[in-house]
Amino acid sequence: MSTSVAIVGAAESDLGVTGRSILGLQAQAIGRALDDAGLTLADVDGLATTGVSRFSATQVADYLGLRPAWTDSTFAGGSAFEMYVARAVQAIEAGQCSTVVISYGSNQRSARSRSLGGVVESHTPEAQFETPYGPLYPISYYAMAAQRYLHRYGGTRERLAEVAVAAREWALLNPAAFRHGAGPLSVADVLGAPVVSTPLTTADCCLVTDGGGAVVLTSLDRARDLRRPPVRVLGYGECTTNTSMTAVDDLTVTGAVESGRAAFARAGLTPADVDVAEVYDSFTITVVLTLEALGFCGRGEALDWIAGGRIRPGGDFPLDTSGGGLSYCHPGQYGVLLLVEAVRQLRGECGARQVPGAEIALAHGTGGILSTHATVLLGVDR
Amino acid sequence: MSTEAQQSHQVPEPDEVTEPWWEATRRRVLLVQRCAACGHAQHPPRALCTACGSARDLDWSQASGDGVVDACTVVERAMPGFRPPYVVARVRLPEGVLLLSNVVTEHPHDVGVGDALRLDWRPLPDGRALPVFVPSER
Ligand SMILES: [Zn+2]
């Protein structure tokens, strides 16, 4: 099992409030990731990116002066980058290209380009049948999932808040985190924050920041001659489920069931093998649903399972160790930064927030309204 | 929330598949698309049946007007054209589909999972109407 491809470079762009352009952040992230790998633009013959323009990969290739032999601009929201890892592995293993950069950049906070209603395309069924009712996109969908989940399993708002409280604890250990200097977050803080769409408050919702990142992949054979210890791609899987708010019959079960099952099977691993997990935390409820879907705990058990500090620093299940989308950085499509943090944890570069001896990492992206789900398993080269 | 509070949002023109559904709203009739080949009900209306793939056997049935809250949220932040707080809900119809809708009530925070609902209508400027729901009397 496993794959013959490795991640050899990883970097963030500037984060937070940058005053930079999208392409400026892209170039910064790509340059830093290539430096990290000890490679240059001349080595890059594959490129995957999104969120730039209609022709995202083409646009970035042009901007960098590249003529790649392989590109991917699959648009799938925040999980796109975990999907790109799968496609990059396949392209490298098939010999279509040898060195792939996966990148992202957003200046949404500086540019004030985020809208509560999201982007509605008038030719879609949602524009006729959903938008007229005024759901916040994507928040109201996650809010309904949270309400349904808490109702079904008798969970409380207080216990759901643990996801945000733990994320803040990690952010306090990460100097790059947007909330690094903000101090601890209490359950009362989360519940007392302004309500956006019941039962979710602003503290249940990811940040709105600028930011970006990039990772570089090449064959494991080549990776072993490069500057950094290779981080192997052990497995991947994905599942795409819905654009509509009414397509999925049970709001509490997501496509991460299928994406996780595929990734663990490909890697020959089980959830118990994971040392550190970077799970997309667009909202507190996203984490709860994803942990259950990936099999870390049973249905309806996640709030019990995360109680008592398990996902906080020092706990036995280190989760979202950067501080996550909730307290570190959320530049619209956060999935690339899950990969960056997973790579750094496996290389032992994380300083105060380092998970000692981490050998297997999981990165799981979720896009849209629990629409797209993609799981990647990474491991040290043993 | 009054029905009049949420009316400025533009609803796109129907397409060739959704036109019968929207035309029925002019008569205050809620349609559900049903496949005559396999019996599957689906919403929104589509050009083929998602259960069996048939594109030739799609038909319409009239909804009873009953519904139950599958999940709901009270929107507290202002969107252009909407006046919070208002209830957005997934409404499960006995005809076998889920609709996104509003539950129109003076007490938005009292609406919960499993609540029984009745169909109501919010008129649109062009004569069509949006199906919305109100809490059932009983
Ligand atoms: Zn059918």
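In what follows, chains are A, B, ... by sequence order, proteins preceding strands, each numbered from 1.
For the set B:V75, B:V69, B:D15, the count of heavy-atom pairs under 4.5 angstrom toward chain A peaks at B:V75. For the set A:L200, A:L116, A:V196, A:V195, the count of heavy-atom pairs under 4.5 angstrom toward chain B peaks at A:V196. Chosen from A:S122, A:P125, A:S140, the residue pairing most often with chain B at heavy-atom distances under 4.5 Å is A:S140.
What you find for A:Y133 and B:P131 is that their closest heavy atoms are OH-O, 2.6 Å. When all heavy atoms of B:A71 and A:R148 are compared, the pair lying nearest together is CB-CB, 4.1 Å. Nearest heavy-atom pair across B:R90 and A:T246 is NH1-CA, 3.8 Å. Residues B:D70 and A:L251 share a closest heavy-atom pair of OD2-CD1, 4.2 Å. Of all heavy-atom pairs spanning B:T73 and A:A143, the tightest one is OG1-CB, 3.4 Å. In this structure, A:G134 and B:Y86 approach most closely via the heavy-atom pair O-OH, 2.5 Å.
To the nearest 0.5 Å, atom CG of residue B:L98 and atom OG of residue A:S244 are 8.5 Å apart. In this structure, the separation between CD on A:Q128 and CH2 on B:W22 is 6.5 Å, given to the nearest 0.5 Å. Put simply, SG on B:C72 and CD on A:Q147 are 4.0 Å apart, with the number rounded to the nearest 0.5 Å. Rounding to the nearest 0.5 Å gives a distance of 13.0 Å between CE of A:M245 and OG of B:S101.
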Yes or no on side chain to side chain contact (heavy atoms under 4.5 Å, CB included) for A:M144 and B:L100, after CA distance, side-chain angles and deciding distance? CA-CA 11 Å; A:M144 288 191 289; B:L100 197 75; 3.8 Å; yes
For B:R92 and A:D249: C-alpha separation, side-chain torsions, deciding distance, then whether side chain to side chain contact (heavy atoms under 4.5 Å, CB included) applies. CA-CA 10 Å; B:R92 194 175 291 277; A:D249 193 65; 2.8 Å; yes
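Counting only residues at least two apart or in different chains, salt bridge (charged side-chain N to carboxylate O under 4.0 Å, His left out) contacts with residues 24-52 of chain B comprise B:E23-B:R26.
Residue A:T252: no heavy atom, backbone or side chain, is found under 4.5 Å from chain B. Contact of B:Q42 with chain A is not made at all, since no heavy-atom distance falls under 4.5 Å. If you measure heavy-atom distances from B:H109 to chain A, the contacts under 4.5 Å come from the side chain alone.
Partners of A:F178 according to the ring-ring contact (aromatic ring centres under 6.0 Å, His included) rule, which considers only residues two or more places apart in sequence or in another chain, do not exist here.
The neighbour count for B:R118 CZ, taken as heavy atoms of other residues, nucleotides or ligands under 6.0 Å away, is above 12.
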